[in-house]
Amino acid sequence: MRIAVTYENGQIFQHFGRTEQMKVYDVQDGEIVSSEVVSTNGSGHSALAGVLTGLNVEALICGGIGGGAQAALAAANIRLYGGVSGGADEAVEALLRGELRYDANVRCGHHDHHHGADHACGEHGCGGHCG
């Protein structure tokens, strides 16, 4: 199994669409057997699903992620564990133990509030980068 984490300086990077690096973990029999940090080559938002597919990733741990990127991951059959913060290595270990705390309804996590049905992300300055 391959697990990717949005990555910056050992921590989970909090905006999927702007991540410049992923840390990719190879897992066998519930144990991490290797890991490497890879560049996203400037890919952003929904295009990152293609990067992850090319890396044969089966699961992604990240902070905030918009709906378009979520749809692209779902179409690529990549399981999403969003709304996670803290250390990348610790998050993968928690996932393997079945103890990872994540938000199945995560959206646009680079903001300090949740969007209501009448509120679009671009209305307050993220520039519509939530996708």
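Residue numbers count from 1 along this sequence. Heavy atoms only: backbone and side chains are in, while hydrogens, waters and symmetry mates are out.
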Please check if Val84 and Phe16 belong to a single hydrophobic cluster, counting links between Ile, Leu, Val, Met, Phe, Trp and Tyr side chain heavy atoms closer than 4.5 Å. no
Is it true that Leu95 and Leu52 fall in one hydrophobic cluster, defined by side-chain heavy atoms closer than 4.5 Å? no
Can you get from Leu48 to Leu73 by hopping between Ile, Leu, Val, Met, Phe, Trp and Tyr side chains that sit under 4.5 Å apart? yes
Qualifying salt bridge (charged side-chain N to carboxylate O under 4.0 Å, His left out) pairs, either residue in residues 61-80, two or more places apart: none
Rounded to the nearest 0.5 Å, how far apart are CD1 of Ile3 and CG of Leu55? 13.5 Å
When you measure from the side chain of Gln70 to the backbone N and O of Val106, does any donor-acceptor pair fall under 3.5 Å? yes
Of all residues at least two apart in sequence or in a different chain, which pass the side chain to side chain contact (heavy atoms under 4.5 Å, CB included) check with Ala76? Thr53, Ile78
For the hydrophobic clusters of this structure (ILVMFWY residues joined by side-chain heavy atoms under 4.5 Å, transitively), does one cluster hold both Val24 and Val37? no
Would you mind listing every ring pair (Phe, Tyr, Trp, His ring centres under 6.0 Å) that reaches into residues 51-92, with sequence neighbours excluded? Tyr81-Tyr102
Distance-only check: which donor-acceptor pairs under 3.5 Å involve side-chain atoms of residues 25-36, not counting sequence neighbours?
| unit_1 | atom_1 | unit_2 | atom_2 | d |
| --- | --- | --- | --- | --- |
| Tyr25 | OH | Asp89 | N | 3.3 |
| Tyr25 | OH | Asp89 | OD1 | 2.5 |
| Asp26 | OD1 | Arg2 | NE | 2.6 |
| Asp26 | OD2 | Arg2 | NH2 | 3.4 |
| Asp26 | OD2 | Ser34 | OG | 3.0 |

Let's go through Thr6 and Ile65 carefully: what are the C-alpha distance in whole Å and the side-chain angles of both, what is the deciding distance for side-chain contact (heavy atoms from CB on, under 4.5 Å) to 0.1 Å, and is it a yes or a no? CA-CA 11 Å; Thr6 53; Ile65 184 169; over 6 Å; no
Flag yes if Met1 and Val5 sit in one hydrophobic cluster, no otherwise; membership is Ile, Leu, Val, Met, Phe, Trp, Tyr, and two members link when side-chain heavy atoms are under 4.5 Å apart. yes
How would you list, by chain and number, every residue that makes a side chain to side chain contact (heavy atoms under 4.5 Å, CB included) with Glu20, sequence neighbours excluded? none
Which atom names give the shortest non-hydrogen contact between Ala91 and Ile12, and what distance separates them? CB-CD1, 3.7 Å
Which atom of Ala4 lies closest to which atom of Met22, heavy atoms considered: CB-SD, 4.4 Å
Give, for atom OG of Ser85 and atom CD of Glu90, the distance between the pair rounded to the nearest 0.5 Å. 11.5 Å
